[in-house]
Novice: 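Mind looking over this structure? Questions follow.
Each chain gets a letter, A, B and so on, in the order its sequence line appears, and its residues count up from 1. Because the structure is predicted, anything quoted here is derived from the model rather than measured. The figures here come from the full heavy-atom set of this structure, side chains too, leaving out hydrogens, waters and symmetry mates.
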2 protein chains.
Amino acid sequence: MSRALPQRAPAVGLPESVTIYEVGPRDGLQNEQAVVPAEVKAQFVRRLLDAGLTTVETTSFVSPRWVPQLADAAEVLADLGELGRGRDRPVLVPNERGLDRALESGVQAVAIFGSATETFAQRNLGRGLAESVEMFAPVVRRSQEAGLWVRAYVSMCFGDPWEGPVPVEQVADACVSLMDLGCDQLSLGDTIGTGTPGHVEALLEALERRGIGVDRTGVHFHDTYGQALANTLTALRAGVRVVDASTGGLGGCPYAKSATGNLATEDLVWMLDGAGVRTGVDLDALVATSRWMAQQLGRPSPSRVVKALGGDVADAGDPVQ
Amino acid sequence: MSRALPQRAPAVGLPESVTIYEVGPRDGLQNEQAVVPAEVKAQFVRRLLDAGLTTVETTSFVSPRWVPQLADAAEVLADLGELGRGRDRPVLVPNERGLDRALESGVQAVAIFGSATETFAQRNLGRGLAESVEMFAPVVRRSQEAGLWVRAYVSMCFGDPWEGPVPVEQVADACVSLMDLGCDQLSLGDTIGTGTPGHVEALLEALERRGIGVDRTGVHFHDTYGQALANTLTALRAGVRVVDASTGGLGGCPYAKSATGNLATEDLVWMLDGAGVRTGVDLDALVATSRWMAQQLGRPSPSRVVKALGGDVADAGDPVQ
């Protein structure tokens with residue numbers, strides 16, 4: 001395969017540049033079976049930065065009891081040093097205890113993880129929606145006092161495995177509650193991957209009406225139903241400029257049957273490279289990083305681009321018609 | 001998972017209905033390792049029609065020497081009887097000999113398979129681009145004389161494994177050459193799956209300038225680089241109303257390294273169902289058909305929707321944040 005591909009052709013309604021919010025080291029690795037050593041995690045982040053990614057969520061200070069894969073968050077950040085600090089190197093904090101640990105590690109950006117549905121809040125946060133907002137309030141207030149950048153994830157925005165459909169206005173309510181705490185950025189999570197393009201447009205419009213513009217909104221699609229890239233394209237055309245993705249398609253959601261995980265960063269970069277949208281990412285370096293991480297995890301990358309660029313095209317001589 | 005999902009929300013610029021041109025029995029099965037018996041092939045077509053698909057390419061009259069998987073084309077059509085006839089039940093014919101066999105089987109629609117590149121023409125058709133058009137001329141003329149509907153596939157429209165990029169005007173030239181023979185419909189093939197949305201728009205615009213409107217143009221995307229659904233969405237927004245897809249994601253292209261095959265019909269239907277675009281397809285019946293075919297082939301379906309709808313959501317109790 002000539003890497004003269006994809007051919008460049010600007011697409012209608014796409015911006016000049018997009019910020020890829022890389023979640024592989026956190027959302028990816030926390031959902032992998034294999035637990036990789038802290039130095040491999042730090043090396044992963046370094047390689048992602050070397051490949052041109054600017055915004056990388058490095059780890060999570062959730063309780064090791066819930067996510068043993070990321071129990072070494074402090075160790076990873078110590079290894080990264082200055083590279084792990086900065087407003088574009090957030091860490092996930094579930095509560096004030098997590099924030100304390102994050103502050104001890106010297107981070108300058110955090111992310112909280114809310115829910116659009118009552119059931120998921122109860123199951124994932126151990127409390128109702130209203131109570132979870134109360135829990136996050138001091139986390140955000142103290143983060144702001146410490147000068148941190150704060151992102152609010154909202155999960156189950158496009159469907160819930162227990163509740164089924166989730167009304168757009170209900171999602172908007174949850175988003176407003178968290179953003180009203182003073183968060184800098186919102187990330188709309190299609191946790192189970194059931195969203196479709198019109199639904200993406202409807203939610204972005206509802207948020208706009210409620211005062212949360214696309215300039216403060218990122219999108220986080222899972223590819224469980226194969227919709228992630230089409231939904232991303234739709235969000236970009238609606239003005240979104242921050243897209244979450246996971247290098248190599250690492251991770252998934254244990255609540256979604258046969259989850260295929262996050263949108264693969266490589267598949268996103270392929271589309272954006274084709275459209276001439278700047279991301280700063282060197283796709284070949286990223287693919288090499290995914291191959292290296294796949295070796296660490298002992299299984300192939302689910303990214304289609306990583307698979308496709310796995311080698312030269314077989315020079316098969318048989319007709320295919 | 002509640003099948004109340006996907007939630008319905010109309011998407012900007014999509015039509016009220018789309019014709020899915022189902023290629024599973026031909027493009028899908030010809031590229032599978034396993035060869036299934038003629039009666040299973042006929043049963044597959046019947047199940048696809050029962051699931052609501054209207055347009056199904058049933059088989060191919062290419063030489064059994066090249067595609068032994070479909071050597072039983074006449075037998076499949078005999079089994080199908082009236083269901084295999086009609087202007088929405090095309091068969092692939094590579095040349096006049098293939099047309100002879102197709103006519104003997106009583107078909108009322110055929111498809112020819114051209115190329116956008118010289119190299120692929122040489123390798124797949126055994127002659128240059130100009131010579132291949134000469135070869136197709138009597139096939140189309142005789143088809144018209146017999147009152148058949150004729151489709152023209154053009155492969156390698158968005159990149160070629162040997163030549164790399166393929167200029168849009170070169171593709172348009174190839175399309176015009178075939179359509180000028182008198183074909184009723186064009187199908188733009190992204191045979192190696194490297195196309196991206198802007199490229200899709202550019203090619204459709206070039207064709208429009210050359211007199212081939214979106215009303216005569218279908219799209220045929222492979223998902224090798226994960227771009228198929230985003231490209232399809234783009235084509236629909238540009239006015240295309242015929243989309244090729246393969247139930248269960250059957251098949252692939254042996255020339256594309258790690259080919260992941262055609263766009264899965266289920267993944268397309270999920271998106272269109274979400275947007276409220278009519279296809280006539282019962283998604284659950286289609287998924288059941290893919291599971292049945294996967295059993296015949298002895299391997300799981302690569303369709304993400306088929307995987308995701310494989311059973312109920314595991315009621316896992318662990319947090320995922």
Side-chain angles (χ1 to χ4, degrees), chain A residues 1-2 4-7 9-12 62 66 92 94 113 123-125 158-159 161 164-165 193-199 201-202 223-227 229-230 233-234 253-258 260 264 267 270-271 274-276 304-305 307-308 310-314 316-321, chain B residues 1-2 4-7 9-12 62 66 92 94 113 123-124 158-159 161 164-165 193-199 201-202 223-227 229-230 233-234 253-258 260 264 267 270-271 274-276 303-305 307-308 310-314 316-321:
Chain A
M1 175 65 53
S2 165
L5 299 172
Q7 286 178 234
V12 169
V62 69
W66 297 125
L92 195 125
F113 195 90
R123 288 177 175 255
N124 196 52
L125 306 170
F158 297 92
T194 54
T196 55
H199 197 175
E201 292 166 351
D223 208 28
T224 320
Y225 291 77
Q227 310 293 308
L229 197 58
L233 179 64
T234 302
C253 172
Y255 288 89
K257 174 96 184 160
S258 309
T260 45
D267 298 9
W270 186 275
M271 182 178 80
R304 303 215 160 184
V305 168
K307 284 183 198 169
D312 293 321
V313 171
D318 294 338
V320 297
Q321 84 175 352
Chain B
M1 174 65 55
S2 164
L5 298 171
Q7 287 178 233
V12 170
V62 69
W66 298 125
L92 195 124
F113 195 91
R123 287 178 175 256
N124 195 53
F158 297 91
T194 54
T196 56
H199 197 174
E201 291 166 351
D223 208 30
T224 320
Y225 291 77
Q227 310 292 306
L229 197 58
L233 179 64
T234 302
C253 173
Y255 288 88
K257 174 97 183 159
S258 309
T260 46
D267 299 9
W270 186 275
M271 182 178 80
S303 158
R304 303 213 161 187
V305 168
K307 284 183 197 169
D312 292 320
V313 171
D318 295 336
V320 297
Q321 83 175 352

Novice: Chain A heavy atoms under 4.5 Å from Pro197(B): which part of the residue, side chain, backbone, both or neither?
Specialist: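 Backbone plus side chain of Pro197(B), per the 4.5 Å heavy-atom cut-off to chain A.
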
Novice: Please confirm whether the backbone N or O of Asp267(B) pairs with a side-chain atom of Gln227(A), one donor and one acceptor, at under 3.5 Å?
Specialist: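 Checked: pair present.
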
Novice: Select one option (side chain, backbone, both, neither) describing which atoms of Leu229(A) are under 4.5 Å from chain B's heavy atoms.
Specialist: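 For Leu229(A), the contact with chain B is made by backbone and side chain together.
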
Novice: What part of Glu201(B) gets closer than 4.5 Å to chain A, counting heavy atoms only: side chain, backbone, both or neither?
Specialist: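 Contact with chain A involves the side chain of Glu201(B) alone.
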
Novice: Measure the shortest side-chain to side-chain distance between Thr224(B) and Arg304(A) over non-hydrogen atoms and say whether it is less than 4.5 angstrom.
Specialist: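 Contact flag for Thr224(B)/Arg304(A) side chains = no.
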
Novice: Look only at the side chain of Trp270(A) and the backbone of Thr194(B), and say whether a donor-acceptor pair between them is shorter than 3.5 Å.
Specialist: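 At least one qualifying donor-acceptor pair exists.
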
Novice: Quick one: list whatever passes side-chain contact (heavy atoms from CB on, under 4.5 Å) with Ala275(B), sequence neighbours left out.
Specialist: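 Here the qualifying residues are Ala11(B), Leu14(B), Val277(B).
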
Novice: Report the distance from atom NE2 of His199(B) to atom CG of Leu5(A), rounding to the nearest 0.5 Å.
Specialist: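 That separation rounds to 9.0 Å.
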
Novice: List the residues meeting side chain to side chain donor-acceptor pair (under 3.5 Å) with Thr196(A), not counting sequence neighbours, and say none if there are none.
Specialist: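 Thr196(A) satisfies side chain to side chain donor-acceptor pair (under 3.5 Å) with no other residue.
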
